[in-house]
Amino acid sequence: RAGSRALRSGSSARRRCARPRTPRGGRERAPVRARPRARGDPAPDGHIVQLYQDDEFFGEAISHFAAEGLVKGESIIIVATGPHWDNISGRLARKGFQVADLFRLGQLTLLDADQTLPKFLVNKMPDAKAFKSIARATIRKARAGGKYPRVRWWGEMVNVLYVNGNRKASTRLEELFDDYFEGLEK
């Protein structure tokens with residue numbers, strides 16, 4: 001049932017460009033940066049990994065992903081750190097969305113990434129059973145009793161673990177996400 005698929009997007013650690021080199025003439029050249037295109041619609045597998053170089057692109061990419069789902073009547077789950085939520089919510093507001101109304105209607109669900117991670121980490125590693133329980137409850141809430149059968153999930157918990165030096169847990173959490181969402185599509 002295509003209408004019941006949960007879509008998700010993830011944030012990957014920032015790629016940093018090398019420091020600009022000064023050519024022989026002494027003038028500093030700005031680095032050449034390829035700007036990835038912000039995606040609003042996930043591919044058929046429902047998974048987007050968006051690399052980003054700066055907070056402006058990051059905020060625009062995630063708010064675009066959320067806005068595309070909102071205008072289609074989908075429910076949006078955002079798992080973000082506080083500063084990133086401020087960036088995303090401000091952009092949603094500038095796009096004309098009433099963020100408080102979206103929360104009240106149940107079309108937008110927010111989890112704090114830093115507060116959610118400890119709920120399923122055991123000895124600094126994700127516990128599959130605890131993670132699946134949280135994911136299941138969050139998606140059930142987002143569907144609002146069938147009002148929003150299609151759900152988009154964007155989160156940065158994998159990135160938070162990676163940036164904090166816990167690469168093994170980051171990889172394991174990505175695997176748990178893949179396993180969980182693959183099971184939803186069957």
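Counting heavy atoms from C-beta on, the side chains of R172 and K168 never come closer than 4.5 Å. Here the side chains of F65 and I88 are not in contact, with every heavy-atom distance at 4.5 Å or above. Proximity of F97 to I76: side-chain heavy atoms (C-beta onward) are nowhere separated by under 4.5 Å. Side-chain contact between L173 and F120: present, with at least one pair of heavy atoms (C-beta onward) separated by less than 4.5 Å. At a threshold of 4.5 Å between non-hydrogen side-chain atoms, the residues I134 and F131 do not count as touching. A 4.5 Å side-chain heavy-atom check between R104 and D101 finds at least one atom pair inside the cut-off. Residues L161 and L121 form a side-chain contact, since some pair of their non-hydrogen atoms from C-beta on lies under 4.5 Å apart.
In the hydrophobic clustering of this structure, V71 groups with I78; members are Ile, Leu, Val, Met, Phe, Trp, Tyr whose side-chain heavy atoms approach within less than 4.5 Å, directly or through other members. F177 and V122 fall into different hydrophobic clusters, where Ile, Leu, Val, Met, Phe, Trp and Tyr are joined by side-chain heavy atoms under 4.5 Å apart, directly or via other members. Hydrophobic cluster membership is shared by I62 and F103, with clusters built from Ile, Leu, Val, Met, Phe, Trp and Tyr side chains linked at under 4.5 angstrom.
A cation-pi arrangement is absent between R143 and Y148 under the rule of less than 6.0 angstrom and at most 45 degrees off the ring axis.
In this structure, NZ on K72 lies 11.0 Å from CG on L70, to the nearest 0.5 angstrom. Between the CG atom in N159 and the CD atom in E174 there is a gap of 10.5 Å [rounded to 0.5 Å]. Here T116 contributes atom OG1 and L111 contributes atom CG; the two are 4.5 Å apart, rounded to the nearest 0.5 Å. Rounding to the nearest 0.5 Å gives a distance of 11.0 Å between OG1 of T171 and CG of L176.
In plain terms, the two heavy atoms of S89 and V99 that are nearest each other are O-CG2, 3.9 Å. In this structure, R91 and D55 approach most closely via the heavy-atom pair NH2-O, 4.2 Å.
Here E60 pairs with K95 in a salt bridge; the nearest charged N to carboxylate O distance falls below 4.0 Å.
Between the side chain of N123 and the backbone N or O of M125 there is no donor-acceptor pair closer than 3.5 Å.
Using the six-membered ring where Trp is involved, F58 and H84 have ring planes that are tilted, between 30° and 60° apart.
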